[in-house]
Amino acid sequence: MPVTQMWLKCPNAEFTAKWELSSGVVTARGELDAANADQFAQYVARCARHCRWLVVDLAGLDFVGTAAFSALHRINVECSANGTTWVMTPSRAVARLLRICDPDGTLPITAWTGPTRPEQVRLLQLVPQPR
């Protein structure tokens with residue numbers, strides 16, 4: 001089966017998606033805030049309908065507003081409803097937002113171990129690391 005791709009450019013961000021068979025990757029670059037968070041959540045939900053396994057790569061986000069957390073929660077709900085297993089790779093800005101808005105680590109976080117096989121890790125940090 002060929003790889004399917006989609007692109008979406010919106011205010012301050014660009015989103016891309018690629019999927020083949022039942023797995024896919026959605027990538028976000030730029031800023032995720034009130035100007036585009038709804039578009040992002042809808043974009044990922046559309047992609048998730050085609051996948052059983054989805055990686056949402058947010059490593060390219062330089063800035064995230066609180067609307068981004070709402071979008072991530074909506075993605076979580078949508079993926080759960082579709083039976084899609086998903087994980088996200090956070091940027092430094094996303095990790096900071098999650099430490100504040102999701103201290104119990106309910107949203108799935110991953111660290112890449114290869115191009116197609118992410119390994120889940122917890123974001124919870126009990127002791128701050130020295131800077």
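By convention here, the first residue in the shown sequence is residue 1. Since the structure is predicted, the reported quantities are computational estimates derived from the model, not experimental observations.
Asn76 is listed as a side-chain neighbour of Pro108, based on a closest heavy-atom distance under 4.5 Å. Using a 4.5 Å heavy-atom threshold, the side chains of Leu97 and Arg99 count as separate. Using a 4.5 Å heavy-atom cutoff, the side chains of Leu54 and Trp19 are not in contact. Using a 4.5 Å heavy-atom cutoff, the side chains of Leu98 and Leu107 are in contact. The shortest side-chain heavy-atom distance between Thr106 and His73 does not fall under the 4.5 Å cut-off. Val44 has its side chain within reach of Val56: a pair of non-hydrogen atoms, C-beta onward, lies under 4.5 Å apart. Put simply, the side chain of Phe40 reaches to within 4.5 Å of the side chain of Val26, judged on heavy atoms. Within the 4.5 Å cutoff, no side-chain heavy atoms of Met88 are placed close to those of Thr110.
Using a distance-only test at 3.5 Å, with no hydrogens or angles considered, no donor-acceptor pair links the side chain of Ser23 to the main chain of Trp53. At distances below 3.5 Å, at least one donor-acceptor pair connects side-chain atoms of Ser91 with backbone N or O atoms of Leu61. In this structure a side-chain-to-backbone donor-acceptor pair under 3.5 Å is missing from Asn82 to Thr84. Remark: the backbone N or O of Glu31 is paired with a side-chain donor or acceptor of Asn36 at under 3.5 angstrom. The closest donor-acceptor contact from the side chain of Arg29 to the backbone of Ala13 lies at 3.5 Å or more, if one exists at all.
One finds the CZ atom of Phe15 at 12.5 Å from the CG atom of Asp57 (value rounded to the nearest 0.5 Å). The NZ atom of Lys9 sits 5.0 Å away from atom CD of Glu14, with the distance rounded to the nearest 0.5 Å. Here the straight-line distance linking atom SG of Cys51 with atom CG of Leu21 works out to 10.0 Å at 0.5 Å rounding. A distance of 12.5 Å separates CZ in Arg74 from SG in Cys79, rounded to the nearest 0.5 Å.
No path of Ile, Leu, Val, Met, Phe, Trp and Tyr side chains, each step under 4.5 Å between heavy atoms, connects Val94 with Phe63, placing them in separate hydrophobic clusters.
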Assess whether side chain to side chain contact (heavy atoms under 4.5 Å, CB included) is satisfied between Thr89 and Ile109, documenting all intermediate values.
CA-CA 6 Å; Thr89 57; Ile109 307 300; over 6 Å; no

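Nearest heavy atom pair, residue Ala71 against residue Ala37, reads CB-O, 3.6 Å.
Environment of CZ in Arg96: sparse, with no more than 12 heavy atoms of neighbouring residues, nucleotides or ligands closer than 6.0 Å.
Applying the side chain to side chain contact (heavy atoms under 4.5 Å, CB included) test to Asp62 and every residue at least two apart in sequence or in another chain returns nothing. Partners of Ala81 according to the side chain to side chain contact (heavy atoms under 4.5 Å, CB included) rule, which considers only residues two or more places apart in sequence or in another chain, do not exist here.
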